[in-house]
Amino acid sequence: MPNKIAGRGVGWRRAIIHMYACRHITVAFIPQDKIGRLSCRCADSVTDMKVHFGAGGWVQWPDYEDFSIEFMKLLGMAQEGGSLISECFLAAGRIDPSDGGESWYREWTRMAEANNARANASLEQGHVLTAQSNWLRAINYYQASAFAFDIADERQQAAIEAMRTCARRYISHLTPAGEIVAIPWLEGHTFEGYFLPAAATGRSPAVICMGDPGHRKEEYLFKVARYARERGMSLLAVDLFGSDASAKFEDVVGRPDLETSISHVMDYLATRDDIDEHRIGILGDGAGSSFVARGVALDNRFAAAVCDGGIWDMQERAFLMDRFPSGNSGNAGPGGVRFGRKFRCPILITLGAEGWLESDHATSLFERLKVDQSDISLKIFEGSETAAAQGHSDNPTLANEFIFDWMADRLKVATN
């Protein structure tokens, strides 16, 4: 994992590890923060694999943090329908993380294409549900394959285009069918969103899902869509890439006014005759989504928001103040650095105890937020219950259940 903002010690935790990919794999005892070795005699296995497993989740390649983090996300999405554990370990056994991403791209592309082919074959045979399941996994695998490359790389562009094709097929075969929507923002830059209507007729509550600037909306189709659907809420998944996902994104992501995008997304939902404009919430996903918190603070139409609440902005300001104490923060008071804006709706902040911010430090920042915010809550998932990794990637289900129950309560959704 990336270094934390504040240091911490780690305790012990026993883990039972179920291996699906290969009957030849053997697993040693793996306590938290210790190394277990997976050895495999298969001809197509690249190497013996050393793994960590602890409160922060599974670390497949301890010497390659970026690939390990992405692999843990893939594993975590198995319970959400975004992957299969057996397929994940089969691909991992063929990946050499030291080759600059070549085998990573090859194996996840191979897995994506297999799922996409199964989906299309199932659709031809009239098995829509099986097609949907395979499209969801293909979406995730295509996205994973593009991870190692820059946005301008032809391999990433090919993977992303294939991913978007799977997403379009998936939402078109939902009941009721989803929609691809265009939302104007900047001149020449229009957002693309996936709108998934609630099953019930009439005006429904809705949740906007929007991640950090590099986050792709397709992930929400398997990560959170079912939680909204099961609770009678419509879902609008949006990202900042624009309708053609071109390299112009590089010009957008560095803008200082990303938060203005939030009101444009709200404007779109508020005009729909199937949405209750007074019951719209937003989920800002990812550590880089502080712009969502700033956008919510600027728009009083939101009924509820799950975001970082400004904690990452506060952390950044505190970091700069420590190094440039003579500067004028403009937001400091007796209690230290403050967010500087007041929310007008209930706010929920969720963090993993093993994430990038140490729990005590996050709690301290949260207490400063409470000075100006009357309805704000903090939920920290501890290692003893999982969902403790950064972004809850080790167990997204646990976090999503908590988040969408909280959202349903604030949007006054009747759930039985």
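Being a predicted model, the structure only gives us computed values, none of them experimental. Heavy-atom basis, side chains included; hydrogens, waters and symmetry copies ignored.
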Distance-only polar pair, side chains of N395 and Q79, donor-acceptor under 3.5 Å: yes
Geometric class of the F67/Y64 ring pair [parallel <30°, tilted 30-60°, perpendicular >60°]: tilted
Side-chain donor-acceptor pair present, R231, Y227, cut-off under 3.5 Å: no
Under the salt bridge (charged side-chain N to carboxylate O under 4.0 Å, His left out) test, residues paired with R118 that sit two or more places apart: E87
Contact check, side chains of M163 and E219, non-hydrogen atoms, under 4.5 Å: no
Distance-minimising heavy-atom pair for R410 and A304: CB-CB, 3.7 Å
Those residues that, when tested against Q132, pass side-chain hydrogen bond (donor to acceptor under 3.5 Å, both in side chains) (two or more places apart): none
Heavy-atom pair of closest approach, residues E259 and F291: CB-O, 3.4 Å
Minimum side-chain heavy-atom gap L221-W135 below 4.5 Å: no
Cationic N near anionic O, under 4.0 Å, D267 to R301: yes
Test side-chain hydrogen bond (donor to acceptor under 3.5 Å, both in side chains) applied to S68 - qualifying residues, sequence neighbours left out: none
Set of salt bridge (charged side-chain N to carboxylate O under 4.0 Å, His left out) partners for R226, sequence neighbours left out: E80, E230
Under 3.5 Å side-chain donor-acceptor pair for S103 and D96: no
Parallel, tilted or perpendicular, as decided by the 30° and 60° cut-offs, for the rings of Y220 and H215: parallel
Presence of salt bridge, D276 and R203, under 4.0 angstrom: no
Residues that T363 engages under side-chain hydrogen bond (donor to acceptor under 3.5 Å, both in side chains), provided they are two or more places apart: none
Under the side chain to side chain contact (heavy atoms under 4.5 Å, CB included) test, residues paired with A228 that sit two or more places apart: M233, L235, F404
Plane angle bin for W61 and W104 - parallel if under 30°, tilted between 30 and 60°, otherwise perpendicular: perpendicular
Qualifying residues under side chain to side chain contact (heavy atoms under 4.5 Å, CB included), relative to S133, sequence neighbours excluded: R137
Shortest non-hydrogen separation from P396 to S393 and the atoms involved: CD-O, 3.7 Å
Check: V181 and F191 side chains under 4.5 Å, non-hydrogen atoms: no
Nearest-0.5 Å distance, OG of residue S234 to CD1 of residue I208: 11.5 Å
Residue list, ring-ring contact (aromatic ring centres under 6.0 Å, His included) with F302, at least two apart or on another chain: none
A78: side chain to side chain contact (heavy atoms under 4.5 Å, CB included) partners, not counting sequence neighbours: S83, I85
Contacts of A162 that satisfy side chain to side chain contact (heavy atoms under 4.5 Å, CB included) - sequence neighbours left out: Y142
Q143 versus E218, side-chain donor and acceptor atoms under 3.5 Å: no
Minimum side-chain heavy-atom gap K223-K73 below 4.5 Å: no
Atom pair CG/NE2 of L123 and H173 - distance to nearest 0.5 Å: 4.5 Å
Spacing of CD1 belonging to I311 relative to CG belonging to L378, to within rounding of 0.5 Å: 6.0 Å
Considering all heavy atoms, the nearest W406-I347 contact: CZ2-C, 3.7 Å
L236 side chain near L269 side chain, heavy-atom distance below 4.5 Å: yes
R272 to F195 six-membered ring, cation-pi geometry met (6.0 Å, 45°): yes
Closest heavy-atom pair and its distance - A362, L351: CB-CD1, 3.4 Å
Aromatic ring proximity, centroids under 6.0 angstrom, H392 and F381: yes
Closest approach of F71 to A92 (non-hydrogen atoms, all atoms of both residues): CE1-CB, 3.5 Å
Which residues share a salt bridge (charged side-chain N to carboxylate O under 4.0 Å, His left out) with D375, sequence neighbours left out: none
Results of side-chain hydrogen bond (donor to acceptor under 3.5 Å, both in side chains) for S261 - residues two or more places apart only: none
Min side-chain heavy-atom separation I180-Y194 under 4.5 Å: yes
